There are 2 protein chains.
Amino acid sequence: MSLHDDLRAIALAEFATAGYAATSLQRIADLAGTSKASVLYHFESKERLLADIVSPALDDIERVVHSMLAEPRVEPVAFGEQFVERFVDLLLTHRDVVPIIINQGATLDDVPVMHRATETMRQIAELFRLASSSTIEKLRFGIAFGGVAYTLASAERLGLSGEIPTDELRSALLSILHDLLVPAASETR
Amino acid sequence: MSLHDDLRAIALAEFATAGYAATSLQRIADLAGTSKASVLYHFESKERLLADIVSPALDDIERVVHSMLAEPRVEPVAFGEQFVERFVDLLLTHRDVVPIIINQGATLDDVPVMHRATETMRQIAELFRLASSSTIEKLRFGIAFGGVAYTLASAERLGLSGEIPTDELRSALLSILHDLLVPAASETR
DNA sequence: CAGGAAACTGACCGATCGGTGAGTGCGAGG
DNA sequence: CCTCGCACTCACCGATCGGTCAGTTTCCTG
């Protein structure tokens with residue numbers, strides 16, 4: 001693996017655990033066994049380093065969200081079934097980046113790439129708004145997806161996850177989301 | 001209201017929205033129309049200021065958690081019904097502090113009071129572990145409570161909440177949590 | 001009015017941060 | 001052999017941070 005990739009991997013791990021603001025370029029350099037100036041040679045700035053890490057996941061998420069927004073309007077129950085699976089797969093695919101977006105999106109809104117992350121999350125919230133009529137139903141969507149994302153992002157830190165195989169985790173998440181969303185969409189509340 | 005209380009209120013709002021690390025004492029002083037040295041006169045350090053803001057909420061949460069841990073073991077379904085209501089009331093009571101704990105607990109673990117917050121959340125996770133047998137059930141608890149906490153903490157930022165009366169919000173949250181947890185506890189999965 | 005405590009200020013400190021720029025080591029290619 | 005460019009380093013910069021301290025203002029009390 002090249003130093004470039006090493007640096008990105010180290011920065012990703014540090015940003016996710018200690019936080020972007022609390023991780024200095026010097027620390028990344030030390031962990032990689034190189035100099036701070038070398039980090040800034042490979043990534044022109046600290047913000048660019050974060051953007052290189054987060055952008056691919058954001059691209060994926062936005063693609064899914066935009067396709068959902070573009071598709072002809074479907075019934076809530078169909079929306080739930082369609083979106084749940086795509087969303088869970090997105091979270092699992094970008095499992096290492098999700099904690100950064102979830103836990104630090106709020107405080108890093110002045111960093112361009114994180115502002116974009118916030119906008120993307122707002123679009124997901126907009127999807128909920130379109131798919132649900134009542135206030136409680138919006139809340140239900142928010143809790144379901146926010147809960148999955150936050151639990152996935154924080155499980156390791158809180159010692160909650162253990163070591164669950166990915167496919168088992170996937171089916172468990174789908175089952176829980178289905179329980180929470182499908183009754184809400186099919187019944188009148 | 002005294003300047004002391006003003007400063008705490010301003011700091012609370014800034015810590016919750018912009019983040020602890022991104023909020024300088026100078027900015028708090030400017031917003032309060034005083035000097036940075038005056039802030040440090042009222043609160044001996046920035047960490048102390050944060051501790052004064054977060055500690056009361058942590059005291060409340062820990063009191064509930066400890067009483068739950070001390071009570072004789074109950075059936076999962078009873079645990080769910082007992083804890084759900086107390087937990088929702090805690091979140092609503094300390095609604096303004098919750099975003100700080102939820103969104104910044106991960107990155108501020110070196111600050112003593114936030115380390116305590118993380119420990120408290122870990123104890124809540126321990127409650128889930130005791131109350132649930134299977135992996136999927138633990139996940140269910142985590143998603144339910146994490147989802148409520150995270151949604152409540154992020155709703156305003158994402159423009160999701162609107163202006164929901166507190167009592168309506170409370171009953172909605174209780175209803176959703178009940179749907180998610182009680183079936184899980186009463187059935188065998 | 002005297003005085004002492006409480007409230008507050010401005011100047012300053014050391015540390016750390018992200019970032020710059022000149023310069024070095026080096027391997028490939030003409 | 002020479003040169004060019006990539007990878008990298010070292011010294012340094014300005015800005016900002018939290019925090020200290022000596023001194024001043026404010027105000028209550030005896």
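These numbers come from a predicted model, not from an experiment. We name chains A, B, ... by the order of the sequence lines, and we start the count at 1 in each one.
A donor-acceptor contact under 3.5 angstrom links the side chains of B:R86 and B:S67, judged on distance only. A donor-acceptor pair shorter than 3.5 Å can be found between the side chains of B:D60 and B:H94.
With rounding to whole Å, B:L25 atom CG is found 16 Å from C:dC8 atom C1'. As a whole-Å value, the separation of A:L108 CG from C:dG18 P is 13 Å. Atom CG in A:L3 sits about 9 Å away from atom C1' in D:dA7, given to the nearest Å. The separation between A:D30 atom CG and C:dT16 atom P is 13 Å, rounded to whole Å. Regarding B:L49, its CG atom lies at a distance of 15 Å from the P atom of D:dC17, rounded to whole Å. The nearest whole Å value for the distance from the CD atom in B:Q26 to the P atom in C:dT9 is 11 Å. Atom CZ in B:R27 sits roughly 18 Å away from atom C1' in D:dA15 (whole-Å rounding). For the pair B:D6 CG and C:dA7 P, the computed distance is 15 Å after rounding to whole Å.
Note on ring orientation: taking the six-membered ring where Trp is involved, the planes of A:F87 and A:F83 are tilted (angle from 30° to 60°).
B:T17 places a side-chain N or O within donor-acceptor distance of the main-chain N or O of B:A13, the cut-off being under 3.5 Å. A:Q104 contributes a side-chain N or O that, together with a main-chain N or O of A:F15, makes up a donor-acceptor pair within less than 3.5 Å. Between the side chain of B:T151 and the backbone N or O of B:V148 there is no donor-acceptor pair closer than 3.5 Å.
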Step by step, would you call B:L180 with A:I176 a side-chain contact (heavy atoms from CB on, under 4.5 Å)?
-> CA-CA 8 Å; B:L180 188 55; A:I176 295 173; 4.0 Å; yes
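Taking the ring axis of A:Y20 as reference, the NZ or CZ atom of A:K46 stays within 45° of it and closer than 6.0 Å to the ring centre.
Annotation: proximity of residues 14-23 of chain B to DNA chain D (heavy atom, distance under 4.0 Å) is found for B:T23, numbered in ascending order. Within residues 32-48 of chain B, the residues having any heavy atom under 4.0 Å from DNA chain D are, by residue number, B:K36, B:L40, B:S45, B:K46.
Partner A:M114 forms a side-chain contact (heavy atoms from CB on, under 4.5 Å) with one of A:D109, A:L58, A:T107, A:L50 and no other, that one being A:L50.
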